[in-house]
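Here's the structure, in structure tokens; my notes come after.
No experiment lies behind these values; they were computed from the predicted model shown. The chain is numbered in sequence order, starting from 1.
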Amino acid sequence: MRKRQQQPLQTPFFLPRNAGNEPGNLDKKPQFHLDLWFYFTVQNWILDFGRPIAMIILPLEWFPLNKPSVGDYFHMAYNIITPFLLLKLIERSPKTLPLSAVYICIITFVMGASIHLVGDSVNHRLILSGYQLHLSVRENPMMKELKPETLIDSFELLYYYDESLGHLMWYIPLFIIFCLYFTGCFTLCSKDSRMPMSAWLLLGPSSLYYWYLVTEGQIFVLYIFTTFAMMATVMHKKRKGLVMDSNGLFLFYSFCITLVLISVWVAFLWNDKILRKKYPGVMYVPEPWAYYTLHIKKTP
């Protein structure tokens, strides 16, 4: 008689693999992921922050308005490199994380960033034609001249995809992955709860980029909830005798410094009546590029 082959034990869909081995992971000496954090910082500054700057600096003749611009190519590279770095970051986590949740976040991230790529590409061409970012779609002078007027509805839909839906599908998964990764950045040894010099050197550029991400992306509520979630995680782990390792400290300090930078930014523009009109309500966090088109850019 043939012996029935024993089926491998199936892991529930949303549970992490090797969940029972977690205590052993705490004994491993944590190492600061200098390579990944450095790649994150460089590609964020070049491919995200530098994207609109490259479109302004490079001659328009090189990239006609009916073809992809240099910023579009930057965005395409960002949409490929960032998910790869996020997956590598998850692989380095001392804690085995729920891979199904990670994959869903990565897929949603790519879809949201791709939606933003299209909306932002058209938006940049509108800026070159005289569109003013500090005004709403209907208040822009160039929109008032459109015929038929129903075309304005289409541009408002484009603005929604670019600034609302695209940003939410882009940033919510990104911050969820950071939170998941952060839950594994704890150690039993207090000697490992310190950052190397390389981490301190990256802290400034990293925090400054997150300031740009939150203000330009208009995701202050999402950011502040993520920061509170990190604080709650720190307090919960502290009760178990765990402290943040170097990677956890780097991520946590980056988000805390970002909050200080946002506070300074808001205080600086607190009495700006024009920006106040575009960003009404309690959550007044103006976009840097709206400030640029209002106070810095020279209109022809």
Checklist entry - Can you find a heavy atom in the side chain of Phe182 that is under 4.5 Å from one in the side chain of Asn247? => result no
Checklist outcome for this item: side chain to side chain contact (heavy atoms under 4.5 Å, CB included) test vs Phe38 passes for just one of Leu36, Val42, Thr41, namely Val42
Checklist entry - If we ignore angles and hydrogens, is there a donor and acceptor under 3.5 Å between the side chains of Thr187 and Asp245? => result no
Item to check | Shortest non-hydrogen separation from Ile115 to Gly166 and the atoms involved | outcome: CG2-CA, 4.1 Å
Checklist entry - Would you say the side chain of Phe186 lies within less than 4.5 Å of the side chain of Val243, judging by non-hydrogen atoms? => result no
Item to check | Ring centres under 6.0 angstrom apart (Phe32, Phe250) | outcome: yes
Item to check | Audit row: Cys185, Met244, side chain to side chain contact (heavy atoms under 4.5 Å, CB included) steps and yes/no | outcome: CA-CA 6 Å; Cys185 295; Met244 287 181 282; 5.9 Å; no
Checklist entry - Is there a donor-acceptor contact under 3.5 Å linking the side chains of His167 and Asp162? => result no
Checklist entry - Do you know the tightest heavy-atom contact between Trp170 and Pro173? => result O-CD, 3.6 Å
Item to check | Shortest non-hydrogen contact between Ile46 and Phe74, atoms and distance | outcome: O-CD2, 3.4 Å
Side-chain donor-acceptor contacts of residues 79-86 below 3.5 Å, not counting sequence neighbours, with atom names and distances?
unit_1 : atom_1 : unit_2 : atom_2 : d
Asn79  : OD1    : His75  : ND1    : 3.0
Thr82  : OG1    : Gln43  : OE1    : 3.2
Thr82  : OG1    : Gln43  : NE2    : 3.1
Thr82  : OG1    : Tyr78  : O      : 3.0

Checklist entry - Passes salt bridge (charged side-chain N to carboxylate O under 4.0 Å, His left out), Arg92 versus Asp35? Steps please. => result CA-CA 11 Å; Arg92 299 271 187 95; Asp35 54 343; 2.7 Å; yes
Item to check | Nearest atoms (heavy-atom pairs only) where Pro286 meets Leu275 | outcome: CB-CD1, 4.1 Å
Checklist entry - Can you tell if the side chain of Arg138 reaches within under 4.5 Å of the side chain of Phe155, non-hydrogen atoms only? => result no
Checklist outcome for this item: Correct closest heavy-atom pair for Leu259 and Phe220 would be CD1-CE1, 4.2 Å
Item to check | Stepwise side chain to side chain contact (heavy atoms under 4.5 Å, CB included) check, Asn123 with Leu158 | outcome: CA-CA 8 Å; Asn123 187 48; Leu158 178 69; 5.8 Å; no
Checklist entry - Is any side-chain heavy atom of Lys277 less than 4.5 Å from a side-chain heavy atom of Ile274? => result no
Checklist entry - Would a line drawn from the ring center of Tyr223 to the ring center of Phe255 be shorter than 6.0 Å? => result yes
Checklist entry - Looking at side-chain heavy atoms only, is the closest gap between Leu89 and Trp37 below 4.5 Å? => result yes
Checklist entry - Does the side chain of Pro68 reach to within under 4.5 Å of the side chain of Ser121, using non-hydrogen atoms? => result no
Checklist entry - What closest approach, in Å, do Pro52 and Asp48 show between heavy atoms, and which atom pair accounts for it? => result CD-O, 3.4 Å
Next on the checklist: Regarding Tyr212 and Trp265, do their side chains bring together a donor and an acceptor under 3.5 Å, going by distance alone?
Outcome noted: no
Checklist entry - Does the side chain of Glu287 pick up a donor-acceptor pair with the side chain of Tyr292 at under 3.5 Å? => result no
Checklist entry - Are Phe175 and Leu222 close enough, and set up right, to give a side chain to side chain contact (heavy atoms under 4.5 Å, CB included), and what steps lead you there? => result CA-CA 8 Å; Phe175 281 34; Leu222 174 62; 4.0 Å; yes
Checklist entry - Are Phe228 and Leu249 connected in a single hydrophobic cluster, I mean Ile/Leu/Val/Met/Phe/Trp/Tyr linked by side-chain heavy atoms less than 4.5 Å apart? => result yes
Next on the checklist: Taking Arg51 first and then Asp72, would you say they form a salt bridge - that is, a charged N and a carboxylate O separated by under 4.0 Å?
Outcome noted: no
